[in-house]
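What follows is a set of notes on a single structure, which appears directly below.
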Amino acid sequence: MREMDKAFDFKTAQARWYERWELAKVFEAKPESGKQPWSIVIPPPNITGSLHMGHALVYTLHDILTRFKRAGGFDALWVPGVDHAGIATQVVVERQLKAEGKTRHDLTREQFLEKIWNWKAQKQDDIENQLRRMGASVDWSRKRFTMDPDLNRAVRRVFVESFSKGRIYKGPRMIQWDPVSQTALSDLEVSYVEKQGKLWHIRYPLSDGAGHVVVATTRPETMLGDTGVAVHPGDERYKDLLGKKLRLPLTDRLIPVVADDFVDPQFGTGCVKLTPAHDPNDLAAAKRLNLESITVIGFDAKMTANAGTKYKGLDRFEARKRVIEDLESLGLIEKIEDYTHQVSVSQRSGAPLEPLVSTQWFMDVKDAAKASLEAVKSGKIKFTPQHWENVWEHWLNNIQDWCISRQLVWGHRIPAWTCDSCEKLHVEMEAPSKCAACGHTALTQDQDTLDTWFSSALWPFSVFGWPEKTEDLKRYYPTNVLITSYDILFFWVARMVMAGLTWMNEVPFKAVYFNSLVRDEHGQKMSKTKGNVVDPIQSMDDFGTDALRFSLAIMAAPGTDISISKSRLEASRNFCNKLWNAARFVQMNLTENVTLDIAPEFGEAEYWMTGRIRECLADAARAIEQFRFHEAAETLYHLVWDDFCSTYIELAKVNLQNGSTEQKAAILRFLDILLRALHPFVPFVTEEIHEAVMNGRLPSGEPSLLAERSWPENDPILKIEGGNSALIPKFQEALSNILRLKAGNSIDPARRVPALCNLPELSPFSEAFKSLAKLESMNFQTGDLTSPTRAIAVIEGGLVALELAGVKDPALEKAKLEKERDKLTQEIQSLKARLNNPDFLSKAAQKAIEAQQQLASEKEAKLNVVLGVLGGGRHEQ
RNA sequence: GGACGCGUAGCUCAGUCUGGUUAGAGCGCUACCUUGACACGGUAGAGGUCGUUGGUUCGACUCCAAUCGCGUCCACCA
C-alpha cells in the first residue's frame, strides 16, 4: 500500500495515466462487445490552430459524455480527427514562404503541396498531444483527417453524384472575391466591418445638355463600369428623364436613365448609379433592365482595360483617388459627405473583397435545406439551447446556392476534367483516360479545390468509411450528439445535416448542444489584442487538467457564456485536493483486509450517506443526459465536500479509526462510488486515487483501471435502505447551534464546556458532538433546559444548551432570541394571512396549501419554544 | 430593418422553461482556529427591495407588456 502524498501532484499523474489508458485500449470502441453503441465525432480542429479555451470546453464536455456513457454500459466511441482548413492553412504556409522571401508561385503545385503536408504532420502531432493532455478519451485507432484518401473518396463521390443530378453546376455568377488570397469565397466567409468613409455626390450630365443628375456613391472608381442610372418608377422628380441618356464622365459612354423598384427615393438624391459588374444589387437590377455589365476591376483588384487607358492597371484604391481628382477638376463633384458604411472583408485574410462575376462551381442546396428544416421542426434533431432553432429556420429559409470552388492549392481537388481537344467537361471519380466525346487522350483537371466545409459536411459519415457500407457506418451512424459552438451553425452544422439527409437518408446526430463562449474573468471576449487570453495549456500547467475541466464543466450552463478566471481554477484545484485528502484519510486508516467485497455494516450515518449518494447520482445522471453539465458538476461537488467530507467522514471518524472491518468496508464503498461518479469530470485525480486506495481491494473480475469501471448508480450498496433519514440533518442543526453558542459567547473554540440537548434521539451522536464541538460532556435530558447559567439555542423540535456559569452574556442571548421571535412572528403572520385568504384556499393547489400549513405549524412550534425560553419559565417540550 | 441573448451578493455566475418555505454557489470580505485527511483546510458571520415601470395571478426573481442598459447574429442602405 503506497502512502499518499499530502497534496495531489497532478503533474506526474497526468502523463502517466493517459499512457496507461491508451496502452490498455480503454478508449477503443468495441463493436463486438454486444453493448449498445453510443457515438460522437469531434469537431475536427483546424490544423492551423492550437488549443484554446473554446476547444478545451468542447473536449471537456465531449469527454464527460463519452466517459459517462462508457461507464454506463455503452460501447462508447469518440472519433478524433483534424481538419485541413483550406484557406487558413494556405495563408499560414504562404506567410512562411514569404519569410523565406518566396511566394507560392516560385514553387510548383506539387512542391507547394509537399511543403503544406510536412507542416500539417507537425501540427497534427501537436493537436493530438493537446487532446491527450486534456484527457480526451478518443479512439485513436479511428482517427481521421479530412484529406485522408477514404475521406477524399467520399468527397469525390458526393461531387460526382451531385453533378450528375444537377445539384452541382458550374457557371458565371457574382461571387465575393478575395484579391489577396486570390480565391472566391462563399457568402458565409464574408464579414462586414464598419468603416468611416465618404459619400461622394457626382454629377452625370444629360447627353442633351439639359442639366445633370446627381448620384451618390461610396466607391467612385466603380463609376467607370456604370451602365445606367436608376430612379424609382414613381419618383416625380425624374419622371421626365426616363429613357434619356447620360454622358458618363471620364468615359465616352452614354448610359440610360432607367426605373426600378429597388431604388429608395428617400436615400441621397434618389438616383442610383448601376455598376452591374461590381455590385450584387446592381447586377440583379441590370438583369431586369437588360443592361450590359462592364468589368472594370480585375481579379488582382486592379483596374482593367475597360476602365480606360488612363486608369488601367491602377489599384482600385489608387484609382478611386484619381477618379475623384479628375471629377473635381471637371467640376462634377456636387458634395462630399462623411459616411459610415459596411465594408465586406474576408473572414480569413481580412482583405477587402471585391464582388465580381466569375465562373465557379455552385451547389444548389434548396431541397436539402428544406429537409433539414423539417428534421429540426419534427424533433428528429433537438437543439440545446432551443432558441437556436429560430436562427436555423431563418437561415435555411433564405439559403442561397453555395459557391464551393476555391482557387487554392490546399484542399480536395475538384474531380472535373476538360478535354484539351473538344473542351467537353467530364466529372468522374477517377481521371478519365480519354475523352468520351472525341476520344482525345489529353485532358486537364480543374485547377480548383473545394471549400473546406465541403468535406466537413460529410464528416459524420465519411469518418466511418462511407461510401463503403462498413460495419462502423452501420453501427455508429447516426451519432448521438454533436457538441460545437454556435458560430459554425451554418458553416458546419447545417451542412452536415443537409449532407446526412441527402447521402445517408438519416440525420447525422440526434441532438446538438451549442457550447458557450469562454470569456475572461470579467466576462470580456478573449482576444490577443486585449491581452486577456487565458491559455488552457498554461492553466493545465498551473492547476492541473482536472481543475481546468471541472471549472469549465461547472460553469457550462447552456446558453450562457463562461467566465474563466484564476480564482475559479483555484477553486477547482482545491476541490480535487479535497477529494484527494478525504481519500488519503480513508486510505491511511484501512487495514489490508478491508476490501470492496466485504459486506458493509450500516449505522445511521451510513443509511443517510447512502440516501444522499442515491439522490445525487440520479440528479447528476439526469443532468448529464440533459447537457446540464454545470448542475451535474455542482451536485457532485457538494456531495463530496459537504456530505462526504464535512458530514459523513466526521461522523465516521471513530469507525474509520477504531471500527470493525465491516464498518470500514462501508466507508471504502462510499469512496469507491464517489470516484466512479467523479471520474468523467476529473479523470486524472480519480484514477490516481483509485490506484492508491483500491489496488488490492477490488473484487476479482473488476477492472483495475477506474476508466473501465461502471457508473455507480447500480451499486448494490445503494439499494440498502433504512435508518431515520431526518436524524443526520437534526444532528447537523444541533451541532452548528452549539458551535454558534460557543462563538456567540466568545468561548475559545478549544475550551471544553459541558453541553446539553433535550432530543434523546441524538444521543447516539454524543461522541461526535464532543469531538466536533470540543465539548467537555454532552448530556441528553428531556424537558426544559433553561437556566440562568446556560446559553440556550432553539432547534427544530427542541433545545441545545451550553453550561456557561459566569461566562454567559444574558443580554446578548436575549437579544438574539428576541430577534428570532420577531422574525418567526412575522413569518407566521404572513403565512396566516395567506392561509386565511379564501381565494388562496379555493384556488391554490392542495399540495401548496398543505405545505404552507405544515410550515406554519412548524414555525409556531418553534416560536413557542423561543417564547418559553424567553419567559425563562417552564417549557413543555 | 429583422431576430435572439443578457441585466440576481463587492466580482464571476446558477436558479426563471414547469410561479408557492428563509433567492443559492465559487471567489472576495470580517472574526476566530494551525485540532493527527486537507490552511488548496475548519468554524461562525456580514452582504441581495433579483435593471425599471406596469399587467396577469390568491401568490411573481420566475409568466406577459413596455422601457432603459449591455451583447450577438442575419439582412441591407447606393
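These numbers were taken from a predicted model, which means no experiment stands behind them. Within every chain, numbering begins at 1; the chains are lettered A, B, ... in the order of the sequence lines, protein sequences first and strands thereafter.
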Q: At the 4.0 Å heavy-atom cut-off to chain A, mark where contacts on RNA chain B begin and end, going 5' to 3'.
A: C4(B) to A78(B)
Q. Are Q854(A) and E858(A) close enough that a side-chain donor and a side-chain acceptor fall under 3.5 Å?
A. yes
Q) Reckon A571(A) touches a base, only the sugar-phosphate, or nothing at all at heavy-atom distances under 4.0 Å? A) sugar-phosphate
Q: For T275(A), report the nucleic acid contact type (base, sugar-phosphate, nothing); a contact means any heavy atom under 4.0 Å.
A: nothing
Q | Residue mapping more 5' on RNA chain B - nearest nucleotide basis, A848(A) or H341(A) | A | A848(A)
Q: Indicate, with a heavy-atom threshold strictly under 4.0 Å, whether W641(A) touches base, sugar-phosphate, or nothing.
A: sugar-phosphate
Q | Between G71(B) and U12(B) - P atom distance, rounded Å | A | 15 Å
Q: Let me have RNA chain B in dot-bracket notation, would you? Count Watson-Crick plus G-U wobble pairs, both distances under 3.5 Å, and use [ ] for pairs crossing earlier ones and | for inter-strand partners.
A: (((((((..((((......[...)))).(((((.......))))).....(((((..]....))))))))))))....
Q: Using the C1' atoms only, state how far U57(B) lies from G42(B), rounded to an integer number of Å.
A: 47 Å
Q. Run the ring-ring contact (aromatic ring centres under 6.0 Å, His included) check on W388(A) and F383(A) step by step: do they pass?
A. CA-CA 7 Å; W388(A) 288 107; F383(A) 283 1; 8.6 Å; no
**Q.** Whole-Å P distance, A31(B) and C70(B)
**A.** 39 Å
Q: Using the side chain to side chain donor-acceptor pair (under 3.5 Å) rule, pick out the option among S565(A), S572(A), S567(A), S539(A) that qualifies with S551(A).
A: S572(A)
Q) Using a cut-off of 4.0 Å on non-hydrogen atoms, how would the nucleic acid contact of L739(A) be classed: base, sugar-phosphate, or nothing? A) sugar-phosphate
Q) Touch check for V215(A), heavy atoms < 4.0 angstrom, all strands: base, sugar-phosphate only, or nothing? A) nothing
Q: Provide the distance between the two C1' atoms, one in U34(B) and one in A39(B), to the nearest whole Å.
A: 8 Å
Q. What does F514(A) touch in the nucleic acid at a heavy-atom separation under 4.0 angstrom: a base, only the sugar-phosphate, or nothing?
A. nothing
(Q) Applying ring-ring contact (aromatic ring centres under 6.0 Å, His included) to F543(A) and F10(A), what does each step give before you reach the verdict? (A) CA-CA 8 Å; F543(A) 302 100; F10(A) 55 83; 8.1 Å; no
(Q) Let's go through N655(A) and K664(A) carefully: what are the C-alpha distance in whole Å and the side-chain angles of both, what is the deciding distance for side-chain contact (heavy atoms from CB on, under 4.5 Å) to 0.1 Å, and is it a yes or a no? (A) CA-CA 7 Å; N655(A) 286 348; K664(A) 291 183 182 178; 5.9 Å; no
(Q) By nearest heavy atom, map V391(A) and A557(A) onto RNA chain B; which one lands nearer the 5' end? (A) A557(A)
Q.
Please give the distance between the P atoms of G28(B) and C40(B) as a whole number of Å.
A. 11 Å
Q) For R740(A), which contact category applies under a 4.0 Å heavy-atom criterion: base, sugar-phosphate, or nothing? A) sugar-phosphate
Q | Ion pair K832(A)/E860(A), N-O distance below 4.0 Å | A | yes
Q) Relative to each other, are the rings of F627(A) and F629(A) parallel, tilted or perpendicular (30° and 60° limits)? A) tilted
Q | Worked check of side-chain contact (heavy atoms from CB on, under 4.5 Å) between I554(A) and R568(A) | A | CA-CA 10 Å; I554(A) 205 165; R568(A) 174 60 70 177; 3.6 Å; yes
Q: Go through the steps to decide whether D546(A) and F681(A) satisfy the test side-chain contact (heavy atoms from CB on, under 4.5 Å), and finish with yes or no.
A: CA-CA 7 Å; D546(A) 291 324; F681(A) 295 83; over 6 Å; no
Q. When you compare A14(B) with G7(B), how far apart are their P atoms, in angstrom units rounded to a whole number?
A. 7 Å
Q | Pairing residues for E776(A) by the salt bridge (Lys or Arg N to Asp or Glu O under 4.0 Å) criterion, not counting sequence neighbours | A | none
Q. Contact class for Q657(A) vs. all strands (heavy atom < 4.0 Å): base, sugar-phosphate, or nothing?
A. sugar-phosphate
Q.
Need one value for Q266(A): base, sugar-phosphate or nothing, where a base atom within 4.0 Å counts as base even if backbone is also close, heavy atoms only.
A. nothing
Q: Would you mind classifying the nucleic acid contact of N390(A) as base, sugar-phosphate or nothing, using non-hydrogen atoms under 4.0 angstrom?
A: sugar-phosphate
Q.
Can you check the distance between U8(B) and C58(B), where both ends of the measurement are the P atom (answer in whole Å)?
A. 31 Å
Q) Contact class for C576(A) (heavy atom, under 4.0 Å): base, sugar-phosphate, or nothing? A) nothing
Q) Checking all strands, does F8(A) fall into the base, sugar-phosphate, or nothing category for heavy-atom contacts under 4.0 angstrom? A) nothing
Q.
Please give the distance between the P atoms of G59(B) and G20(B) as a whole number of Å.
A. 15 Å
Q: Check every strand shown and say whether R628(A) touches a base, only sugar-phosphate, or nothing at a heavy-atom separation below 4.0 Å.
A: sugar-phosphate
(Q) Considering every strand and a 4.0 Å limit on heavy-atom distances, what is the contact class for S771(A): base, sugar-phosphate, or nothing? (A) nothing
Q.
Closer than 3.5 angstrom, by distance alone: can the side chain of D282(A) be matched with the main-chain N or O of H278(A) as a donor-acceptor pair?
A. no
